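Take a look at the structure below.
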Amino acid sequence: MATPKDQAAAGARNGDAPPAIALRGLRKSFGDVHAVDGVELDVAEGEFFSLLGPSGSGKTTVLRLIAGFEAPSGGSVSLAGADVTRRAPFERDVTTVFQDYALFPHMTVEQNIAYGLKVRGASRKEQAERARAALASVRLEGFGGRRPRQLSGGQRQRVALARALVVRPRVLLLDEPLGALDLKLREQMQTELKELQREVGITFVLVTHDQAEALALSDRVAVMNAGRVEQVGTPGELYEQPASVFVASFVGTSNTVTGPAAELIVGKAGTFGIRPEKIRLLAADAEHDRRDHSQVHGTVADAVYLGDHTRVVVDTDAGERFLVITQNLDTSAADARALPGERVLLRWHRRHNVPLHHAS
Ligand code: ADP
Ligand code: MG
């Protein structure tokens, strides 16, 4: 069933409603560094969109170009159908949450949140009411009188979110907003961020280098590499149908086969990705089944028991090293310890051979 969000995304693609954000041929160079090198993107109204890529791939620069903190070397930025390429940041209906939160230390939480309303000339009464509502939306009722230093990292992050949301932007830009938090708090804040976006219904663009975070939160993700977008898709599309070797190895992990090994194992020329959890680890003398399956023999080089699953490294007879992830349905730590040196057969359904192109 199509959700309103699916329809919004489809509408943006069909051109019925203008996309919340449209980037066309966007470029930004710093001297001879091409930080952003020809980016084309449409983000639909109400979408939770992420820019995912390794450090230095140009994510922050794209965000700063959308917000207007940088002027592009080429191309254009449109918001809700209006070309804003030459407009100043305050003339764009976007708000940015930075990784370091940038709260004013000498102001109370409530003053921090109300600040954006104050500079826009809102009455004291309106400031107080909206600041309190924003605090409630990030579940910090009663914290309005504290100073930032009297809060935990997660609470400061929520204040930064409330401060951004109180001005009711059409688009919220978030640059690695959870980067400073420890893993547990980070996972909790991910859930809260997603709930918050559903509640307020505005367009979120999240920058992250953490593929798990991008997959968990986003309607769609753009994978960036060296200033370019390698692929745009839903989390499922990126994981199940990665277009390139880069995406296959950056979003999750993947075995790749190419050259003679591909012809031997897949039966076709080319480069293919095979996800480690799609592969079954069988005894070396298991019955052959080549009709719907690809298979290869090998010797276990290493097996790491991780409680719920075991990571098995196999040196295949085709010369490629494979990673296989097996769920420990019936097996235990002792089984994992016995694996190294064993001869095994790896088998997976042919549909898990995903063709990849090398270009990046
Ligand atoms: P990311 O956010 O993905 O880590 P950035 O957008 O911050 O990447 O940076 C992309 C590239 O542009 C990097 O090589 C970075 O060093 C360079 N860069 C970013 N900002 C500047 C700047 N103000 N001056 C010079 N180089 C910059
Ligand atoms: Mg960055």
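Heads up: numbering here begins at 1 and tracks the sequence. Everything quoted here is computed from the prediction, not taken from an experiment.
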* Asked: Does the ring of Tyr115 carry Arg163 above it, NZ/CZ under 6.0 angstrom from centre and within 45° of its axis?
  -> no

* Is it true that a side-chain atom of Glu263 and a backbone atom of Lys268 form a donor plus acceptor pair closer than 3.5 Å? -> no

* If you draw a 6.0 Å radius around CD in Glu287, do more than 12 non-hydrogen atoms from other residues or ligands fall strictly inside? -> no

* Side chain of Asn112, backbone of Thr108: donor and acceptor closer than 3.5 Å? -> yes

* Salt bridge between Arg350 and Asp292, side-chain N to carboxylate O under 4.0 Å? -> no

* Should we count CZ of Arg280 as having more than 12 external heavy atoms under 6.0 Å? -> no

* Using the ring of Phe30 (Phe, Tyr or Trp, six-membered ring only), decide whether Lys28 places NZ or CZ under 6.0 Å from its centre and within 45 degrees of its axis. => yes

* Got more than 12 heavy atoms from elsewhere within 6.0 Å of CZ, Arg343? -> yes

* Asked: Mind checking whether His352 and His349 have parallel, tilted or perpendicular rings, split at 30° and 60°?
  -> perpendicular

* To do: Provide the closest heavy-atom pair for Ile113 versus Ala162 in the form atom of the first, atom of the second, distance.
  => CD1-CB, 3.7 Å

* **Flag for Ser57-Asn225: side-chain donor and acceptor within less than 3.5 Å** => no

* To do: Apply side-chain contact (heavy atoms from CB on, under 4.5 Å) to Arg170 and Glu45, showing your working.
  => CA-CA 8 Å; Arg170 279 181 84 145; Glu45 201 75 59; 3.2 Å; yes

* Asked: With a 4.0 Å cut-off, would you call Arg130 and Glu110 a salt bridge?
  -> no

